[in-house]
Amino acid sequence: MYLYADKLPEGTLLQGFDLCIVGAGAAGIAMAQRLAGSSLKVILLVSGGPADRGAPAEARQSLYQGAVGEFLRKVDPIFPQRSRLNMYGGTTNHFGFWARPLDAADMMPRPGYRDAGWLISQEELKPHYIDAHEFGRFGPFNYDDMDFWKRVLYARPFDPLPGDQLEGAIMRAQYEENLHDFQVQFRDELARSENVTVLFNANLLTIGTKADQRRVSELKCSTIVESADGSAEAGASFQVRARTYVLACGGIENVRLLQLSGGLGNNRRDMLGRGFMAHPLLTNAARVHFAEPVASDIRNFFREQQIRLKAPADSGGEYRHMVEPLVNPELALEYLMFNAWGVLAPKHKTLLDERIGNFRIILYFRDEGHKAIVNLNWEQTPAENSRITLDQGRVDPIFGQPLALIDWRLNDLDKRSASRALELTLAYLRDHGAVREEMITDVSGAADSWTFPPHEGALETGDHHMGALRMSASPDDGVVDMHSRLHSVDNLYIAGSAVFPTGGYANPTLTIVALALRLADHLKRVLG
């Protein structure tokens with residue numbers, strides 16, 4: 001059901017819930033949808049309102065201002081407010097749901113590159129990945145079935161050669177707003193739910209705990225009162241009590257809220273907020289030239305295309321690729337429609353041998369296939385000096401609380417990963433017909449010597465906030481356990497990419513949703 005915190009009297013105490021989820025982006029909505037119809041009484045706290053779509057109100061978005069460290073200031077000085085949205089649906093409102101699961105090499109420790117690894121196996125996460133696929137209506141979970149993708153893309157990757165260190169891989173995207181805006185896709189289901197209460201204009205300020213900080217006792221919240229001139233101020237305060245709590249406010253705000261609550265969840269190594277990762281990106285890393293035009297079906301592999309599939313009538317049946325013109329637009333509802341394309345990625349053995357971060361290459365072909373731009377996105381190491389803290393010198397304009405300070409950093413190993421990824425890519429393309437290349441980005445020198453904006457080959461950062469509340473087996477090595485519960489707090493969990501021990505190269509949303517569904521199932525067992 002939908003309720004509105006604006007209508008609560010000052011000092012209201014909301015209680016009697018089994019679970020309180022704070023934040024209604026991809027993770028929070030996925031959990032609420034999974035728990036709808038269960039025996040648990042759930043409340044979902046939403047900063048925005050039910051009509052939110054596209055972009056948040058300016059005053060509400062001001063809460064997502066923040067400071068950046070010296071390195072990030074050179075790359076993207078407005079990163080904190082540009083890369084996330086404070087509204088119902090969260091950042092799902094401005095993304096295309098690029099989807100791919102993590103690779104096996106992403107989830108395991110890799111000696112000589114990084115010690116961090118996941119406590120969850122790829123096989124254990126697979127059922128939740130399959131369920132997460134339904135959120136984008138992506139069809140079969142068959143990223144490795146290259147014969148299938150050759151058929152539906154009318155394409156093929158480069159023909160394999162002995163000694164190839166790269167291979168083709170598949171990405172998908174969902175641009176239909178009714179699907180990738182999670183609050184739109186699940187609006188009616190959550191509004192009708194008898195056991196899930198969606199409370200709008202509910203803004204968490206701090207987390208109250210018992211004296212020993214082992215249990216959360218209540219959440220201290222407030223509404224926002226917006227004026228006709230666009231200004232805003234704090235409204236009525238209220239409290240929420242539940243048996244168990246989940247923070248699902250994104251990879252930056254989850255950290256800030258714990259820090260605003262007295263450093264809740266921190267350990268003796270001061271790990272709270274450390275290991276913050278994003279995906280470094282070089283959209284114009286190099287330009288390659290071929291003596292002859294690359295075959296059209298190979299170029300098709302790297303060209304993003306809309307796919308239309310007919311789901312099988314029976315479980316275990318085959319998906320059919322539909323090529324007939326869609327005469328009646330209403331018939332689109334009968335199909336699975338999404339976008340897909342191919343990339344180049346290192347083989348598993350290549351990553352182990354090279355001891356570098358995972359990466360993907362998109363090739364953008366020009367001039368009838370004689371030229372291609374190399375676009376590189378790669379994995380960052382979870383370095384502890386890349387971190388999120390509070391900026392004690394700046395406060396938000398509504399509640400007067402310190403803003404986040406994001407000191408994103410890259411190290412020499414990250415630069416080596418980029419440099420070696422480009423060397424491997426250019427060598428692969430030479431083996432497959434390239435005769436000349438031009439570097440656009442300078443990847444020589446130390447970690448602080450990058451190509452920065454506004455240069456054509458400038459380093460960019462993907463809008464993927466990961467790792468600052470790392471999942472770990474030991475409380476000394478991270479913040480949450482294998483079920484995303486804080487090591488030091490018995491009834492507080494984290495949903496979202498902040499728990500990622502490593503990032504791989506894949507866009508994180510599919511993994512975020514898979515982990516959220518896994519957590520929802522776990523809490524059903526624990527609380528039920």
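- Residues Glu10 and Ser237 have side chains that bring a donor and an acceptor to within less than 3.5 angstrom of each other.
- Residues Asp490 and Arg485 form a side-chain contact, since some pair of their non-hydrogen atoms from C-beta on lies under 4.5 Å apart.
- Of the possible polar contacts, none joining the Trp408 side chain to the Thr461 backbone as a donor-acceptor pair under 3.5 Å is found.
- Considering CD1 of Ile494 and CG of Asn254, their distance stands at 5.0 Å, rounded to 0.5 Å.
- Ring centroids of Tyr245 and Tyr493 are separated by 6.0 Å or more, keeping the two rings apart.
- You'll find the ring centres of Phe148 and Tyr319 outside the 6.0 Å limit.
- The side-chain heavy atoms of Met471 and Ile120, taken from C-beta on, include a pair separated by under 4.5 Å.
- Inspection of the Arg360 and Asn375 side chains reveals an N or O donor paired with an N or O acceptor under 3.5 Å.
- The neighbour count for Glu58 CD, taken as heavy atoms of other residues, nucleotides or ligands under 6.0 Å away, does not exceed 12.
- By the 4.0 Å N-to-carboxylate-O rule, Arg84 lies too far from Asp463 to be salt-bridged with it.
- Side-chain N/O atoms of Thr223 and Tyr4 include no donor and acceptor closer than 3.5 Å.
- Looking only at atom types and distance, the side chain of Asn358 has a donor-acceptor partner in the side chain of Asp103 under 3.5 Å away.
- When side chains are defined from C-beta on, Gln380 does not count as touching His279, because their heavy atoms never get closer than 4.5 Å.
- The backbone N or O of Ser47 lies less than 3.5 Å from a partner atom in the side chain of Arg60, making a donor-acceptor pair.
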Task: His321/Tyr335 under ring-ring contact (aromatic ring centres under 6.0 Å, His included): CA gap, chis, key distance, verdict - done: CA-CA 10 Å; His321 180 215; Tyr335 302 104; over 10 Å; no

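- Asn195 and Ser193 form a side-chain donor-acceptor contact under 3.5 Å, judged by distance and modelled atom types alone.
- By the 4.0 Å N-to-carboxylate-O rule, Glu123 lies too far from Lys126 to be salt-bridged with it.
- Distance alone, capped at 3.5 Å, is enough to place a donor-acceptor pair between the Asn377 side chain and the Tyr505 backbone.
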TODO: Show your working on side chain to side chain contact (heavy atoms under 4.5 Å, CB included) between Leu179 and Phe338 and close with a plain yes or no.
DONE: CA-CA 10 Å; Leu179 296 175; Phe338 57 90; over 6 Å; no

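- Ala232 and Ala59 make their closest contact through CB-CB, 3.5 Å (heavy atoms, listed as atom of the first residue, atom of the second, distance).
- For the pair Ser83 (side chain) and Phe79 (backbone), a donor-acceptor distance under 3.5 Å is present.
- In summary, the side chains of Glu460 and Thr283 do present a donor paired with an acceptor at a separation below 3.5 Å, with no hydrogens or angles considered.
- Checking side-chain atoms of Gln401 against main-chain N and O of Leu205 turns up a donor-acceptor pair under 3.5 Å.
- A donor-acceptor contact shorter than 3.5 Å is absent between the side chain of Asp106 and the backbone of Leu102.
- At a cut-off of 3.5 Å, with distance as the only test, no side-chain donor of Gln61 or Asn86 sits close to an acceptor on the other residue.
- Between Asp145 and Arg151, no side-chain nitrogen of the basic residue sits less than 4.0 Å from a carboxylate oxygen of the acidic one, so the salt-bridge criterion is not met.
- Between Tyr175 and His180, the ring centre distance reaches or exceeds 6.0 Å.
- Taking the six-membered ring wherever Trp is involved, the centroid distance between the rings of Trp118 and Phe500 falls below 6.0 Å.
- Side-chain contact between Leu260 and Pro402 is present, with at least one heavy-atom pair separated by less than 4.5 Å.
- The environment of Glu318 atom CD is sparse: at most 12 non-hydrogen atoms of other residues, nucleotides or ligands sit within 6.0 angstrom.
- Using a 4.5 Å cut-off on side-chain heavy atoms (C-beta onward), Leu14 and Arg241 make no contact.
- Residues Phe97 and Phe135 keep their aromatic ring centres 6.0 Å or farther apart.
- We find that Arg243 and Asp18 are joined by a salt bridge, their nearest charged nitrogen and carboxylate oxygen being less than 4.0 Å apart.
- Classification of Arg470 and Asp477 as a salt-bridged pair fails, no side-chain N sitting under 4.0 Å from a carboxylate O.
- There is no side-chain donor-acceptor pair under 3.5 Å between His464 and Ser497.
- Distance check: Arg214 CZ to Leu492 CG gives 11.5 Å after rounding to the nearest 0.5 Å.
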Task: Stepwise side chain to side chain contact (heavy atoms under 4.5 Å, CB included) test for Tyr64 and Glu253 - done: CA-CA 8 Å; Tyr64 275 3; Glu253 195 65 10; 3.8 Å; yes

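- Contact of the Leu272 side chain with the Leu258 side chain is registered, since non-hydrogen atoms from C-beta on lie closer than 4.5 Å.
- Taking the six-membered ring where the residue is Trp, the centroids of Phe302 and Tyr364 are separated by 6.0 Å or more.
- No donor-acceptor pair closer than 3.5 Å links the side chain of Asp396 to the backbone N or O of Leu63.
- Aromatic rings of Trp98 and Trp341 (six-membered ring for Trp) have centroids within the 6.0 Å cut-off, being under it.
- A donor-acceptor contact under 3.5 angstrom links the side chains of Ser472 and His487, judged on distance only.
- Screening residues 168-187 for salt bridge (Lys or Arg N to Asp or Glu O under 4.0 Å), with sequence neighbours left out, gives Arg53-Glu177, Arg53-Asp181.
- A donor-acceptor contact shorter than 3.5 Å links the side chain of Asn266 to the backbone of Met271.
- Side chain of Ser386 to main chain of Gly275: no donor-acceptor pair is present (N/O by atom type, distance under 3.5 Å, no hydrogens or angles).
- Annotation for Arg320: atom CZ does not count as buried by contact number, only 12 or fewer foreign heavy atoms lying within 6.0 Å.
- A donor-acceptor pair is defined here as one N or O able to donate and one able to accept, closer than 3.5 Å; such a pair exists between the side chain of Thr91 and the backbone of Leu85.
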